[in-house]
Amino acid sequence: MEKEAKIYVAGHRGMVGSAIYQKLKQEGYTNIVTRTSKELDLRNQHDVATFFENEKPEYVFLAAAKVGGIVANNTYRADFIYENIAIQSNVIHQAHVHQVKKLLFLGSSCIYPKLAPQPLKEDYLLTGTLEPTNEPYAIAKIAGIKMCEAYRSQYGDNFISVMPTNLYGYNDNYHPENSHVLPALIRRFHEAKVNEVPEVTIWGTGSPLREFLFSTDLAEACVFLMNNYDEEQFINIGVGEDISIKDLALLIKTIIGYKGELNFDSNKPDGTPRKLMDVSKLHALGWKHRIDLEEGIRLAYADFIAKHC
Ligand SMILES: NC(=O)c1ccc[n+]([C@@H]2O[C@H](COP(=O)([O-])OP(=O)(O)OC[C@H]3O[C@@H](n4cnc5c(N)ncnc54)[C@H](OP(=O)(O)O)[C@@H]3O)[C@@H](O)[C@H]2O)c1
């Protein structure tokens with residue numbers, strides 16, 4: 001990307017989009033276009049077409065999506081499939097119509113088959129049954145990846161997809177019911193500490209293994225891939241190490257300084273037993289994460305305190 005190129009970051013107020021926006025600014029990109037969902041509802045085909053016609057962006061980071069944790073995904077199943085398919089279809093198609101030089105689409109590690117071998121290699125997509133709780137979201141995301149591949153093969157559009165692991169970081173969602181596991185734990189431990197609650201209940205058994213990547217690392221990887229990767233095959237972005245939910249909870253508890261007990265509620269769903277990315281392809285290209293989990297949780301907790309307390 002040329003430093004003065006017009007770059008559209010869709011979803012620039014979200015955790016991923018805001019990190020990409022900041023990273024682009026830091027790297028000296030000067031012509032970044034943004035719209036909030038109020039200014040431009042990406043589910044609206046006509047409005048998206050008008051936006052591309054007027055703005056004619058040269059590069060697009062598609063980080064706008066309906067995103068949520070296990071409960072939100074399972075409860076709002078229709079919204080997750082409809083909104084994500086609408087947003088990505090409109091943006092990807094208009095990027096083609098208006099000859100965008102390159103588009104980056106974000107998938108997610110939770111769209112690999114539920115029982116895929118670990119670590120997850122890019123080749124494992126669509127080799128088995130999906131995790132039922134987030135199947136509508138996964139089907140939408142898979143459609144987005146396949147759209148990018150199809151527009152590349154039929155029209156030669158340089159549309160790439162990336163597959164990030166679980167993310168956390170600045171501007172994360174700390175909603176009591178709709179957030180992902182790591183921000184949800186930060187919030188619960190913080191509130192328990194402040195309110196001197198003797199016990200914190202954690203959903204599931206604590207045994208599932210998860211991998212976490214800090215948002216600014218993801219943004220750096222996305223900008224790196226926009227500049228250095230032009231293949232049809234999507235590419236995993238992660239750290240290549242995982243941790244059990246129980247150990248994650250203990251780490252967050254220690255960082256926050258909560259002194260009470262932990263209780264695991266095994267009536268709540270666990271989700272996929274393990275999700276660890278094979279990041280050998282990304283490492284071979286020359287990119288590796290910088291922020292380890294402990295440092296990242298400290299940074300995220302400070303951001304949570306600054307914005308939510
Ligand atoms: N969070 C994770 O752990 C994770 C992991 C892997 C992949 N990803 C992927 O990363 C991408 C971004 O996720 P995120 O965590 O940054 O989500 P987020 O914080 O919830 O942000 C989503 C953004 O999408 C925008 N948006 C939603 N609906 C829209 C609509 N109808 N029209 C226009 N904009 C709309 C929102 O804009 P407004 O703020 O203006 O309303 C918001 O800024 C998603 O594709 C997700 O699948 C996330």
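The first residue of the sequence shown is numbered 1, and numbering continues consecutively from there. Indexing begins at 1, ligand by ligand and atom by atom, following the structure's order.
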Exercise. With respect to atom 9 (C) of ligand 1, which of G11, A63, G107, A65 exhibits the smallest heavy-atom separation?
Worked result: G107
Exercise. Nearest heavy atom to atom 6 (C) of ligand 1: which of T165, L106, N166 does it belong to?
Worked result: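 When every heavy atom of T165, L106, N166 is considered, T165 comes closest to atom 6 (C) of ligand 1.
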Exercise. Would you say atom 30 (C) of ligand 1 touches the protein, meaning some protein heavy atom is under 4.0 Å from it?
Worked result: yes
I'd like to check which ligand 1 atoms, numbered from 1 as shown, lie under 4.0 Å from a non-hydrogen atom of [X].
X    : value
T36  : 40 (O)
V16  : 10 (O), 12 (C), 13 (O), 14 (P), 16 (O)
L42  : 30 (C), 31 (N), 32 (N), 33 (C), 34 (N)
Y137 : 46 (C), 47 (O)
R43  : 31 (N)
I87  : 28 (N), 29 (C), 30 (C), 31 (N)
L40  : 32 (N), 33 (C)
D41  : 30 (C), 31 (N), 32 (N)

Problem set entry | Short side-chain donor-acceptor distance under 3.5 Å, N173 and S179 | no
For [atom], closest protein heavy-atom neighbour:
atom                    : value
atom 43 (O) of ligand 1 : G14 N, 3.0 Å
atom 48 (C) of ligand 1 : L167 CD1, 3.7 Å
atom 19 (O) of ligand 1 : M15 N, 2.9 Å
atom 35 (C) of ligand 1 : S37 CB, 3.7 Å
atom 39 (O) of ligand 1 : R13 NE, 3.2 Å

Are the charged groups of [X] and [Y] less than 4.0 angstrom apart, N to O?
X    : Y    : answer
E149 : K146 : yes
R290 : E220 : yes
K56  : E53  : yes
D123 : K121 : no
D242 : R274 : yes

What part of [X], side chain from CB on, backbone N/CA/C/O, both or neither, has a heavy atom under 4.0 Å from ligand 1?
X    : value
H180 : side chain
K141 : side chain
V67  : side chain
F212 : neither

Problem set entry | Pairs flagged by side-chain hydrogen bond (donor to acceptor under 3.5 Å, both in side chains) wherever residues 2-11 is involved - sequence neighbours left out |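 Listed once each, the pairs are E2-Y59, K6-E55.
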Exercise. Do any heavy atoms of Y168 fall under 4.0 Å from ligand 1?
Worked result: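 So Y168 does not count as touching ligand 1.
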Exercise. Is the closest heavy-atom distance from G68 to ligand 1 below 4.0 Å?
Worked result: no
Exercise. Are more than 12 heavy atoms from other residues, nucleotides or ligands located less than 6.0 Å from atom OH of Y76?
Worked result: no
Problem set entry | With N158, the side chain to side chain donor-acceptor pair (under 3.5 Å) member among E231, R152, E232 |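 Exactly one option meets the side chain to side chain donor-acceptor pair (under 3.5 Å) with N158, and it is R152.
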Exercise. Does K66 make a cation-pi contact with F80, if we ask for NZ or CZ under 6.0 Å from the ring centre and within 45° of the axis?
Worked result: yes
Exercise. What pairs with D157 under side-chain contact (heavy atoms from CB on, under 4.5 Å), at least two apart in sequence or on another chain?
Worked result: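 By the side-chain contact (heavy atoms from CB on, under 4.5 Å) rule, D157 matches H96, Y151, Y155, F159.
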For this session: Using atom types as modelled and distance alone, determine if a side-chain donor or acceptor of D172 lies under 3.5 Å from a backbone N or O of Y168.
Result: no
Exercise. When the ring planes of F214 and Y170 are compared, do they come out parallel, tilted or perpendicular, using 30° and 60° as the limits?
Worked result: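 The arrangement is perpendicular - the two ring planes meet at more than 60°.
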